[in-house]
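Written out below as structure tokens is the structure these notes cover.
Letters A, B, ... are given to chains in the order of the sequence lines, protein chains preceding strands, and every chain is numbered from 1. Hydrogens, waters and symmetry mates play no part in the numbers below; they use all other heavy atoms, side chains included.
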Number of protein chains: 2
Amino acid sequence: MARSERKPAPRKAAADEGNRRSELIRAAGRLFVDKGFDATTIRDIADAVGMRSGSPFYHFKSKQDMLKAVMIEGLQAALDAQQTAVLGLKAPEERFRALVKSHLRIILEDHTEFPVLLYEWRALSEESRAEVIAVKDRYEAVWQPVLRDLKKAGRLGDDGKVARLLLFGALNWTVQWYRSGGGLTLDQIAEQAIDFFLCDKTGKRR
Amino acid sequence: MARSERKPAPRKAAADEGNRRSELIRAAGRLFVDKGFDATTIRDIADAVGMRSGSPFYHFKSKQDMLKAVMIEGLQAALDAQQTAVLGLKAPEERFRALVKSHLRIILEDHTEFPVLLYEWRALSEESRAEVIAVKDRYEAVWQPVLRDLKKAGRLGDDGKVARLLLFGALNWTVQWYRSGGGLTLDQIAEQAIDFFLCDKTGKRR
DNA sequence: CCTACCGATCGGTAGG
DNA sequence: CCTACCGATCGGTAGG
């Protein structure tokens, strides 16, 4: 009690600052997805959260810095969802199916900042890349043992690398054409994608 | 002779104008792919062909107009390559294989303006879209009977629409990761993609 | 196609 | 976090 009375202001201020920062990231993410990074102005972002045009620079030192933060936020959300999705699953195929579905949900349904990563990689400066790649690697690292196990079990095509890149392409490209309520469910897309990717030991398709 | 002496200047001028216009389209295409539409300035484009900054507007009425022209140029190149690729092929599977390979060549190898279509669709204004879509439809129209025939022959998965979208995703996404000389040939990628997509009547994979 | 230019806008900053 | 502002740049135009 005495403790919470002594330093309430700093703690509250810190929390608020974090909130405002988060609001900026969320607003920027939406705008970057809708209009693109270059076409979005600092003023757009400030307006979206009720700030004046100079104020976002109190939270981020540059627009480029906001892009980096937005991408990392999206990756973090994907990582969290991924962890939850595979929790308790042991069989490689089960884990694989869970990863594919989680990935599609993050891209298409959860309205995270993840799509910014897919759209605006080119706009990310050389200097910002290393940091983003580090988190991206953590996300992809979860797929690797699953794919390795699938290959060991003969459920994956010969060339694991190309197959993986083609699969990610098929999944990531959905962001370009999928519209919710368009008569297609996420699960239908996921099942079809899994179907393409997996085969059983005798070479038959599921 | 008398004819060619009478009006040499206008004919030559017309040809030159077409050439300059083409040069601008080619330069703009390269820059749009490398830096993005918004990050590319009219001055960048003018510099690339040795013009002053105001001069591109003699050939195009706006930057948006250049984007439209670049996309249509890319589609035209794809259409031409496509026509040549399937020439004389009758069997649906043969035609399909030819289409996939032609598509990958256009995207990854021929350095056409086609990738601009994949990268910058969002930057294309509402008013410009109809015209581009018209040409895009002609390109996709060639795929349709082939896919229909494959389905009739039982060589295609149940859900033709999702399958098609996933395939285009896998192919189009290659632009994000493929680097020539990276140890992977176009044919390897094409074969793997075809492999995912096609199945025979008994449900076995090739 | 160039010269010369304009109005608008943009990312970012100083000072509080 | 706001006010007030700046230098740079951008798409585009008039007039030749």
Side-chain angles (χ1 to χ4, degrees), chain A residues 9-29 31-32 34-71 116 120 122-128, chain B residues 9-29 31-32 34-71 116 120 122-128:
Chain A
R11 285 174 65 191
K12 194 157 179 260
D16 278 2
E17 272 184 32
N19 284 341
R20 293 303 265 165
R21 194 185 140 93
S22 294
E23 283 176 51
L24 282 167
I25 289 178
R26 227 172 301 136
L31 287 161
F32 291 167
D34 290 346
K35 312 175 34 166
F37 176 72
D38 284 311
T40 299
T41 70
I42 294 291
R43 284 158 178 85
D44 291 334
I45 299 167
D47 279 354
V49 301
M51 282 180 184
R52 297 312 180 91
S53 73
S55 302
F57 293 103
Y58 173 74
H59 297 277
F60 300 91
K61 70 179 219 291
S62 68
K63 194 186 174 191
Q64 180 63 220
D65 226 55
M66 296 195 68
L67 178 60
K68 186 176 69 179
V70 165
M71 287 186 175
V116 176
E120 300 293 347
R122 198 177 37 185
L124 192 68
S125 75
E126 208 70 61
E127 304 88 60
S128 306
Chain B
R11 285 173 68 190
K12 195 156 179 259
D16 278 1
E17 274 185 29
N19 283 342
R20 292 303 265 165
R21 195 185 139 95
S22 295
E23 282 176 51
L24 282 167
I25 290 178
R26 227 171 303 136
L31 287 161
F32 291 167
D34 289 346
K35 312 176 33 166
F37 175 72
D38 284 310
T40 300
T41 70
I42 294 292
R43 284 159 178 83
D44 291 334
I45 299 167
D47 278 354
V49 300
M51 283 181 183
R52 298 310 181 92
S53 73
S55 302
F57 293 104
Y58 173 76
H59 296 277
F60 300 92
K61 70 179 219 292
S62 68
K63 193 186 172 190
Q64 181 63 222
D65 226 55
M66 294 194 70
L67 178 60
K68 187 175 69 179
V70 165
M71 287 186 177
V116 177
E120 299 294 346
R122 200 176 37 184
L124 191 68
S125 76
E126 209 69 61
E127 304 87 62
S128 307

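Rounded to whole angstrom, the span from the CZ atom of A/R52 across to the P atom of D/dC5 amounts to 14 Å. Here the C1' atom of nucleotide C/dG15 and the OH atom of A/Y58 are 15 Å apart, to the nearest Å. If you measure from atom CG of B/D44 to atom P of D/dT9, you get 12 Å, rounded to the nearest angstrom. In this structure, the CG atom of B/D38 is 12 Å from the P atom of D/dC10, given to the nearest Å. Here C/dT9 presents its P atom at 13 Å from CG of A/D47, a figure rounded to the nearest Å. The distance between atom CD1 of A/I42 and atom C1' of C/dG12, rounded to the nearest whole Å, is 9 Å. For A/M66 and C/dG11, the CE to P distance is 11 Å, given to the nearest whole Å. A/L67 places its CG atom 12 Å from the P atom of C/dG12, with the value rounded to the nearest Å.
When side chains are defined from C-beta on, B/F57 counts as touching B/I42, because their heavy atoms get closer than 4.5 Å. Between A/F37 and A/K63 there is a side-chain heavy-atom pair separated by less than 4.5 Å.
The pair B/R20-B/E23 meets the salt-bridge criterion, since a charged nitrogen lies less than 4.0 angstrom from a carboxylate oxygen. With salt bridges taken as basic N to acidic carboxylate O contacts below 4.0 Å, none links A/D34 and B/R122.
Checking D/dC1, D/dG11, C/dC1 against the side-chain heavy atoms of B/R20 singles out C/dC1 as nearest. Taking every side-chain heavy atom of A/F57 into account, C/dG12 is the closest of C/dC2, D/dC2, C/dG12. Side chain of B/M51, nearest nucleotide from C/dC2, C/dC10, D/dG11: C/dC2. Nearest nucleotide to the side chain of A/H59, out of C/dG12, D/dC1, C/dC2: D/dC1.
Base pairing annotation: C/dG15 forms a Watson-Crick or G-U wobble pair with D/dC2, both donor-acceptor distances under 3.5 Å. Nucleotide D/dA8 forms a Watson-Crick or G-U wobble pair with C/dT9, both donor-acceptor distances falling under 3.5 Å.
For the pair A/K68 and A/F60, the cation-pi test (distance below 6.0 Å, angle within 45°) is failed.
Ranked by how close their nearest DNA chain C nucleotide is to the 5' end, B/R43 and B/L24 are led by B/L24.
At a threshold of 4.0 angstrom between heavy atoms, the contacts of B/S55 include nucleobase atoms, whether or not backbone atoms are also involved.
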